[in-house]
2 protein chains.
Amino acid sequence: MARRRKDLAPEDLLETRKKIVATAHRLFMELGYRAVSTRVIAEACGLTQPALYHHFADKQELYLEVIREILAKNGQALERIRQREEPLEQRLRRAAAYLLLHAPPNMNIMFHDMRHELDEASRAAVHEWFRQGFVGPLASLFGEGQREGRLRGLEEGGADPFSSAFLLLSISRSMLSTDLDKDKTGEGLDGQREQAALERAALIVDILLHGMVRRTGENAG
Amino acid sequence: MARRRKDLAPEDLLETRKKIVATAHRLFMELGYRAVSTRVIAEACGLTQPALYHHFADKQELYLEVIREILAKNGQALERIRQREEPLEQRLRRAAAYLLLHAPPNMNIMFHDMRHELDEASRAAVHEWFRQGFVGPLASLFGEGQREGRLRGLEEGGADPFSSAFLLLSISRSMLSTDLDKDKTGEGLDGQREQAALERAALIVDILLHGMVRRTGENAG
DNA sequence: CCTACCGATCGGTAGG
DNA sequence: CCTACCGATCGGTAGG
């Protein structure tokens with residue numbers, strides 16, 4: 001016979017928690033911390049607002065869980081790309097394509113919320129997740145390129161690996177446009193989105209590595 | 001004898017309005033639209049909250065005035081840089097330095113607020129101010145470079161002038177760091193800030209034009 | 001997991 | 001330009 005609501009199994013509790021996190025993820029990333037009320041989150045999950053406080057101590061803790069999940073997932077994917085046995089430029093293209101498709105489209109909102117809505121301890125934690133988990137793999141790629149002499153080092157007018165990683169991140173975000181938008185979630189369009197992202201990524205990496213200046217003579221390509 | 005409060009001169013009205021706009025400018029750009037209450041703005045001006053509604057119909061209209069002023073001022077400065085009789089690269093460096101020092105440090109917050117807090121008509125207006133007034137002069141610089149054959153055109157793997165302008169904008173914002181922060185407003189430090197911005201701008205434009213790849217042979221710098 | 005409720009704060013209005 | 005006030009909404013708690 002069906003379980004009464006009172007004695008929920010632990011799996012159901014976990015299911016509810018996952019649903020809350022997924023819903024909060026979607027809303028926080030689209031609208032920002034302040035613009036998303038706990039009531040809206042709860043109702044989108046089929047719950048009343050006080051029920052959220054059974055799973056999370058407060059709104060900030062739910063937000064932190066969302067951020068942690070995003071940064072961990074992105075960081076792991078970028079680390080897998082870094083470890084591929086492919087030329088540096090190809091891995092950079094894959095990383096850029098991944099960022100176009102899967103990174104939070106409005107990462108600056110995330111930073112803004114971190115700065116103004118989190119207490120000092122949480123802010124420090126997120127900063128560490130971001131720097132190590134997320135930017136780390138990208139910075140390693142650029143560091144590798146510099147050590148192998150492919151990329152300009154600091155003494156040759158280049159940027160340090162972390163700044164380079166930020167640069168790739170910013171450029172990718174600035175090159176996001178509607179044709180890569182997640183909302184166009186038609187089944188067969190996923191392949192098209194990925195194809196478009198790969199082409200965009202190739203352009204981004206080409207400009208980042210070789211610049212906008214027109215090449216004359218042997219360097220043209 | 002002193003004027004009674006009841007019959008304020010038009011100049012005083014204008015002064016108060018200017019003060020409101022300047023205060024709102026500072027707060028909106030730092031904290032975003034929603035996070036700044038009309039009460040906080042009013043009290044920072046030495047007024048009560050309902051007094052704001054004598055100068056602006058509602059909060060959104062005040063926000064629009066702030067945005068309009070920022071984009072117009074930035075756009076005019078960039079247009080003056082574009083018209084200078086200097087090599088393209090030098091003008092790009094000046095533009096990047098200007099963006100580092102004077103552009104809204106959190107332009108993505110501005111975009112986010114536009115998207116989610118303004119009605120359709122206002123959003124369209126701001127979009128036009130941004131595209132024509134602000135990005136226009138930058139795009140013209142890149143268009144000039146492409147016409148003169150200095151920069152890669154679309155058919156050579158380059159980006160169109162507007163995308164190029166966005167790129168310069170994003171890179172400049174991603175290269176903002178604390179040593180260029182406006183809050184360090186010590187008198188004699190203004191020169192240092194400008195010097196630091198010019199150096200940063202040179203690095204930005206160098207990477208944007210020539211890329212991160214290490215040059216071997218005659219192209220080395 | 002719910003109902004019922006708290007104090008605080010929001011943007012905006014009435015009326016002078 | 002002020003005092004006084006409105007309805008709506010916020011994050012969070014009490015108690016079951």
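Since the model is a prediction, treat every value here as computed from it, not as a measurement. Every heavy atom of this structure was used, including side-chain atoms; hydrogens, water molecules and symmetry mates were not. Each chain gets a letter, A, B and so on, in the order the sequences are listed, and its residues count up from 1.
Taking only side-chain nitrogens and oxygens, B:H54 never comes nearer than 4.0 Å to OP1 or OP2 of D:dC2.
In this structure, of C:dC2, C:dG11, D:dG12, it is D:dG12 that holds the atom nearest to the side chain of A:D58. Distances were taken from every side-chain heavy atom of A:Y53 (C-beta onward) to each of D:dC2, D:dG12, C:dC1; the shortest belongs to D:dG12. Residue A:A51 has its side chain nearest to C:dC1 when only D:dG12, C:dC1, C:dG11 are considered. For A:Q49, taking side-chain heavy atoms from C-beta onward, the closest of the listed nucleotides C:dA14, C:dG11, D:dG11 is D:dG11. Comparing D:dC2, C:dG12, C:dC1 by their closest approach to the side chain of B:K59 singles out C:dG12.
The nearest whole Å value for the distance from the CG atom in B:L27 to the P atom in C:dG11 is 12 Å. Between B:F28 atom CZ and C:dG11 atom C1' there is a gap of 12 Å when expressed in whole angstrom units. A:Q60 places its CD atom 19 Å from the P atom of D:dC10, with the value rounded to the nearest Å. As a whole-Å value, the separation of A:D119 CG from D:dG11 P is 17 Å. Note: CG (B:L14) to P (D:dC1) measures 11 Å, nearest angstrom. One atom, CZ of A:F56, and another, C1' of D:dT13, lie 19 Å apart when rounded to the nearest Å. Atom CG of A:L52 and atom P of C:dT3 are 14 Å apart (whole Å).
Atom-to-atom distance recorded for B:R82:CZ and B:R94:CZ is 15.5 Å, nearest 0.5 angstrom. Taken from OH in B:Y63 to OG in B:S122, the straight-line distance is 11.0 Å, to the nearest 0.5 Å.
Between A:Q60 and A:Y33, the closest side-chain pair of non-hydrogen atoms falls below 4.5 Å. B:S174 places a side-chain heavy atom less than 4.5 Å from the side chain of A:L167. Between A:F130 and A:M114, the closest side-chain pair of non-hydrogen atoms is not below 4.5 Å.
Nearest-nucleotide assignment on DNA chain D puts the 5′-proximal partner with B:R17, out of B:R17 and A:A57.
Checked by atom type, the side-chain pair B:N108/B:R173 shows a donor-acceptor distance below 3.5 Å.
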Inset, instruction - Verify salt bridge (Lys or Arg N to Asp or Glu O under 4.0 Å) between A:R93 and A:E86, making sure each step is shown before the conclusion. - result: CA-CA 11 Å; A:R93 277 194 288 265; A:E86 290 175 343; over 6 Å; no

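Residues of residues 32-46 of chain A that place a heavy atom closer than 4.0 Å to DNA chain C, in numerical order, are A:R39.
Remark: D:dG15 base-pairs with C:dC2; criterion is Watson-Crick or G-U wobble with both hydrogen-bond distances under 3.5 Å.
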